[in-house]
Amino acid sequence: MCKCALAEALFPGGKTPEELELAYPERGLPEGAAVTRFSPSPTGFLHLGGLFGALTDATLAQNTGGVFYVRVEDTDKKREIADGVRGLLDGLAAYGLLPEEGVVGVGREAGKYGPYTQSKRIEIYHAYAKRLVEQGIAYPCFCTEERLSALRAEQEQTNVNTGYYGTWACCRDLPAQEQLRRLQAGEPYTLRLRSPGVEGRKITVQDQIKGKLELPENIMDVVLLKTNGVPTYHFAHAVDDHLMRTTHVIRGDEWVASLPLHIQLFGVLGFRAPKYCHTPTLMKEENGGKRKISKRKDPEAATSWFWEQGYPPEAVLEYLMTLMNSDFEAWRRAGPDAPLAAFPFRLQRMSVSGALFDVAKLTDVSKNVIARMSAAQSYAGLLGWANTYDPAWAALLTREEAFAAAMLDIDRGGKKPRKDLARWNEAKTAYQYFFDALHDPAFQLPAHIAAADAEAILRAYAPLYDPEDDKDAWFGKIRGICAGLGFCPDVKLFKTDPSAWKGHVGDASGVIRLAVTGRENTPDLCAVMRLLGGERVRQRLQGAMLQMAGKERGA
RNA sequence: GGCCCGGUGGUCAAGCGGCUAAGACACCGCCCUUUCACGGCGGUAACACGGGUUCGAUUCCCGUCCGGGUCACCA
């Protein structure tokens, strides 16, 4: 018999499911095109796991010529923070993953399957809820929180499974008159599913990542609509992903436990269930063990952390890709400049178990990513980072743009590019000697070089120095002064009898490097000196001589 | 605790009944080299354990142990 009276009392008027079906038709995409979605709750920031999911969503959609959209799941106001959507969207945008459909800006939506914000879809949920009530598949439950916890306590005591199900579901079979009466009395209620599940029965589901899953059928009369009329995640998921014609639900594997419920919901609503893809949880190492990356304890849980540290977004993406499909690295090696979207991603190749997030590996990937950039790209990346985290440094870079780009261009490109930068926040210390404002002229000689010898090298070299010299001429001059000062001009020769010399050309050029840059290691010194320019180099050479002389007196 | 899922070097991982058990990162050594970085070569290091099935198990089955997830009017 139809529970039409009850349904009408609960949800007067409104659209019918049939009307909604018409309003949100099939997308008419070609066979195999995946429709995916990223559906965060607006907690204000993009979690690393969220980025991982969004990247998977976007990649699958791109790969299959499908659609990727964003839906905001704001059904829990307790969770929500002010302006929470902005942080999420900014996060996505920073990684180039902001799609064209769904919530595309704060208060901005695009696409024909909206609204894409769950709080704006209440009537839609109610239309389906009403139908379920008519069919006797959903019912109002008047149990209070106290009632529920008493129930739970009793179940725990008698050692039976806790939950609202079977004979424990006391509101399940309330007489129609009582339902109506309590409704009219204004008693608060939740709407519950009258679960058709049978205890002990199993269902099997084909997960696109995990393969065949055997799970117990859902028997819980779960809440579909909360007291305030807002749907729970489960109900909203079924309605939305059906109406928005999602083909692949990609989400963290903490959801597999509720998979039986979701399958059941799609069933009672008469929807075809989407393909489920449960991704492994990203873990982190902590004193020998693994654990889920936590928002509270781990700064790297928020994707903004990587940006703060200066990891280029594309590096984070590349690293995540290697976690998604481990053959990504080989593919990248084969085509260093191929766009990410061209990678033949396969869900089935995704790992099943939780992977440790390895910062050392990310560092390596990041070095490669930065090394592949052009000087202009790396300048833009560095400046973008400095703009928000080191404005003074950014101002300097902006004022001397051409110079800074030239600096970043040293040893870049070619077969063996330098890979000494993994993060933009390392650049300032790595390159400080290029800027007088940052340069510290004081330096420490290596133990095996005496101050007197260092001074002699500088004295001999300074008058010879010509900023116009090419690399051969430049090195020839350094080699030239060696012999007269007791340094071997040839490293190989030196090695045959080290005791015969004070050192070798490498030591001589090392002293010059120290004098000019204050560091023992730099990119190609000749190029560095040419960029620095004659005047600056002479000054530093001069200053270094004084410094050495001072040391000798002190010693 | 119930229910799921998983267990190959320190990490990420190939592997799908027969292999000297790939590769990458990290680490160590050597080479190249005016420094460093890059690059090249080499090295240390793994199938959790116990039973089956099989001519043969890392691979299939069962148990143990370990790890993870989940049991809300949160998502």
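In what follows, chains are A, B, ... by sequence order, proteins preceding strands, each numbered from 1.
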### Query
Are OP1 or OP2 of B:U34 and a side-chain N or O of A:Lys495 less than 4.0 angstrom apart?
no
### Query
Counting only side-chain N and O atoms of A:Thr75, is one of them less than 4.0 Å from OP1 or OP2 of B:A75?
yes
### Query
With a 4.0 Å cut-off, would you call A:Glu329 and A:Lys361 a salt bridge?
yes
### Task
Determine the contact category for A:Met283: base if any of its heavy atoms lies under 4.0 Å from a base atom, sugar-phosphate if only primed atoms, P, OP1 or OP2 are that close, otherwise nothing.
sugar-phosphate
### Message
OP1 or OP2 of B:G39 versus the side-chain N and O atoms of A:Lys419: is any pair under 4.0 Å?
### Response
yes
### Task
Please state the C1' separation for the pair B:A24 and B:A46 - nearest whole angstrom.
15 Å
### Query
Reckon A:Glu73 touches a base, only the sugar-phosphate, or nothing at all at heavy-atom distances under 4.0 Å?
sugar-phosphate
### Task
Under 4.0 Å from any atom of RNA chain B, heavy atoms only: list the residues of residues 157-166 of chain A that qualify, in numerical order.
none
### A:Asp76 versus A:Tyr233, side-chain donor and acceptor atoms under 3.5 Å
no
### Task
Let me see the working for A:Phe235 and A:Tyr128 under ring-ring contact (aromatic ring centres under 6.0 Å, His included), right down to the final yes or no.
CA-CA 10 Å; A:Phe235 189 51; A:Tyr128 286 96; 7.6 Å; no
### Query
Going by distance alone, is a donor N or O of one side chain under 3.5 Å from an acceptor N or O of the other, for A:Ser366 and A:Tyr319?
no
### Query
Which is true for A:Lys212 with a 4.0 Å heavy-atom rule: it touches a base, it touches only sugar-phosphate, or it touches nothing?
nothing
### Task
Answer yes or no for A:Arg182 and A:Tyr189: cation-pi contact, defined as NZ/CZ to six-membered ring centre under 6.0 Å and angle to ring axis within 45°.
no
### Query
B:C65 pairs with which nucleotide, Watson-Crick or G-U wobble, both distances below 3.5 Å?
B:G7
### Query
Which part of the nucleic acid, if any, lies within reach of A:Ser41 when heavy atoms closer than 4.0 Å are counted: base, sugar-phosphate only, or nothing?
sugar-phosphate
### Query
Quick one: is A:Lys492 getting a side-chain N or O under 4.0 Å of the B:U33 phosphate, OP1 or OP2?
yes
#### Entry: Phosphate OP1/OP2 of B:C32: any A:Lys416 side-chain N/O under 4.0 Å
no
### Task
May I ask you to check whether A:Phe487 and A:Tyr461 place their ring centres under 6.0 Å from each other?
no
### Task
Answer yes or no: is there a side-chain heavy-atom contact under 4.5 Å between A:Ile370 and A:Arg423?
no
### Message
Tell me which residues in residues 323-334 of chain A lie within less than 4.0 Å of RNA chain B, going by non-hydrogen atoms.
### Response
A:Leu323, A:Ser326, A:Glu329, A:Arg333
### Message
Using a distance-only criterion (donor-acceptor N/O pair, under 3.5 Å, no hydrogens), is the base of B:C36 paired with the side chain of A:Arg519?
### Response
no
### Task
Determine the contact category for A:Cys482: base if any of its heavy atoms lies under 4.0 Å from a base atom, sugar-phosphate if only primed atoms, P, OP1 or OP2 are that close, otherwise nothing.
nothing
### Message
Looking only at side-chain N and O atoms, does A:Gln264 offer a donor or acceptor that is under 3.5 Å from a partner on A:Ser195?
### Response
yes
### Task
Answer with base, sugar-phosphate or nothing: what part of the nucleic acid does A:Val230 contact at a heavy-atom distance below 4.0 Å?
nothing
### Query
Between B:A75, B:U11, B:A37, which nucleotide has the shortest distance from any of its atoms to the side chain of A:His234?
B:A75
### Task
Could you please name the partner base of B:C16, counting Watson-Crick and G-U wobble pairs only when both distances are under 3.5 Å?
none
#### Entry: Partner set under side chain to side chain donor-acceptor pair (under 3.5 Å) for A:Asp240, not counting sequence neighbours
A:Gln118, A:Arg121, A:Tyr125
